Amino acid sequence: MKKSRLSVLAFGMFGIPLCAQDATRGGTLYKQQCVSCHGDGLEGRSGPTLAGGDFRSRWPTSDLINKIRNTMPQDSPGKLTPGQAADLAAYIQQAGKATTEPATASTTGPPAAFPAAGNLSQLMRGIMFPNSNIIFTVQTHDPAEKKKAGGAATSDGGFNWSMWGNNLYSGWEIVDYAGIALAESAPLMLTPGRRCENGKPVPVNDPDWIRFAKEMAEVGRAAYRASQTRNQEKVSDISSDVADACFHCHQVFRDKVRRGRTGADPSNKELRCTKN
């Protein structure tokens, strides 16, 4: 037992690779805790695949251990010890390298074209605004705090778009989904043919616009990684990066200074989606 704790501690402090014995223990634990969701061969069932180069590139060892420790198993997150999380990570990495990646469909043909359904303002207000605010809320509210019974979800307070699923997911899961929503929706800023609220075309080929879209995608991924640590302070720190990503784009393409005024006027819609 002392040896197991020491090996995990040494790994966390100095980056010493986990030994084969850890992977063997992890394989046994994987069969007990993980197979039902991730499959015998890490191929994924109700949960995602844990094999392949893409998975390994997105989840280096230390991040994978933290994810397992803080969020797995899904029906009882946090019940695994640090040593068990390290053993599982060792097994997943070892078994994943030996797994043949499934053949993917040919990508030589043109991608499917999905025309924009809404204007840029609707995209921002429908996806990016509410999900950014979820991340900002972590600054003042711990996602792990217990929800109060009989809250706004059941009160007669009128329509509230965030309350319908209030009791379906834990606070940390909601923060996870917010980060993913930002990362996945950022490319929608580059959809050809989308219009701004004032009718002007979104400048999808402008280098600055492309850079801002990429920045939003990256901070969304960073917010998700921070949320996976289940650490309120780390997500709070990332929230400032989310705010900066919004500001960088807004100051160029949204908040223009009207003639005769000294400051930016967010209500001025005429010059949005332009750099004039």
Side-chain angles (χ1 to χ4, degrees), residues 7-8 11-12 15-108 111 131 135 169-170 172-187 214-231 234-235 238:
S7 65
V8 173
F11 174 80
I16 298 174
L18 298 173
C19 62
Q21 186 180 5
D22 294 322
T24 300
R25 289 198 304 267
T28 300
L29 190 59
Y30 180 89
K31 292 177 182 178
Q32 298 170 348
Q33 300 286 344
C34 313
V35 163
S36 61
C37 291
H38 297 287
D40 294 308
L42 283 69
E43 73 279 7
R45 290 178 182 169
S46 60
T49 179
L50 304 178
D54 180 63
F55 176 83
R56 291 194 298 274
S57 67
R58 289 187 294 112
W59 293 104
T61 302
S62 59
D63 289 351
L64 181 58
I65 292 174
N66 286 333
K67 178 176 175 62
I68 294 171
R69 176 73 181 94
N70 294 318
T71 70
M72 293 292 129
Q74 189 172 28
D75 59 354
S76 185
K79 83 171 190 178
L80 298 174
T81 67
Q84 288 175 322
D87 290 346
L88 277 169
Y91 170 74
I92 290 169
Q93 290 185 325
Q94 185 181 90
K97 290 179 181 178
T99 301
T100 302
E101 296 189 42
T104 57
S106 172
T107 58
T108 56
N131 286 291
I135 295 171
Y169 310 110
S170 71
W172 276 118
E173 285 180 302
I174 292 172
V175 180
D176 286 344
Y177 305 151
I180 291 171
L182 292 181
E184 297 285 1
S185 62
K214 290 180 177 179
E215 182 182 10
M216 178 57 71
E218 181 53 41
V219 297
R221 288 190 287 268
Y224 174 66
R225 289 194 297 269
S227 180
Q228 290 285 287
T229 69
R230 299 307 192 241
N231 184 302
K234 289 185 178 181
V235 178
I238 287 293

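Source: prediction; values computed, not measured.
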*Is there a donor-acceptor pair under 3.5 Å between the side chain of Ser76 and the backbone N or O of Pro73?*
no

_Backbone of Thr229 reached by a side-chain donor or acceptor of Asn66 within 3.5 Å_ = no

So, for [X] and [Y], which heavy atoms are closest and what is the spacing to 0.1 Å?
X: Ala183; Y: Ala217; value: CB-O, 3.6 Å
X: Arg69; Y: Gly78; value: NH1-O, 2.9 Å
X: Ala226; Y: Ile238; value: CB-CG1, 3.8 Å
X: Leu42; Y: Gly96; value: CD2-N, 4.0 Å
X: Gly220; Y: Leu182; value: CA-CB, 3.9 Å

*asked:* Are more than 12 heavy atoms, taken from residues, nucleotides or ligands other than Gln74, located less than 6.0 Å from that residue's CD atom?
replied: no

About how many Å separate [atom2] of [Y] and [atom1] of [X], when rounded to the nearest 0.5 Å?
X: Tyr91; Y: Leu50; atom1: OH; atom2: CG; value: 10.0 Å
X: Met72; Y: Lys67; atom1: CE; atom2: NZ; value: 4.5 Å
X: Leu64; Y: Phe55; atom1: CG; atom2: CZ; value: 5.0 Å
X: Ile92; Y: Asp87; atom1: CD1; atom2: CG; value: 11.0 Å

Give every donor-acceptor pair under 3.5 Å between a side-chain atom in residues 173-181 and any protein atom, sequence neighbours left out.
from	atom 1	to	atom 2	distance (Å)
Glu173	OE1	Ser170	N	2.9
Glu173	OE1	Ser170	OG	3.3
Asp176	OD1	Ser227	OG	2.6
Asp176	OD1	Gln228	NE2	3.2
Asp176	OD1	Arg230	NH1	3.0
Asp176	OD2	Gln228	NE2	3.2
Asp176	OD2	Arg230	NH1	3.2
Asp176	OD2	Arg230	NH2	3.0

*Tell me, please, which residues at least two apart from Asp40 pass side chain to side chain donor-acceptor pair (under 3.5 Å).*
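Arg45.
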
Between side-chain atoms of residues 27-39 and protein atoms elsewhere (two or more places apart, or another chain), which donor-acceptor pairs fall under 3.5 Å?
from	atom 1	to	atom 2	distance (Å)
Tyr30	OH	His38	O	3.4
Tyr30	OH	Gly39	O	2.6
His38	ND1	Pro48	O	2.8

*Would you indicate whether the side-chain heavy atoms of Val235 and Trp172 approach each other to under 4.5 Å?*
yes

_The test is side-chain contact (heavy atoms from CB on, under 4.5 Å); show your working for Lys79 and Gln84 and say whether it passes._
CA-CA 10 Å; Lys79 83 171 190 178; Gln84 288 175 322; over 6 Å; no

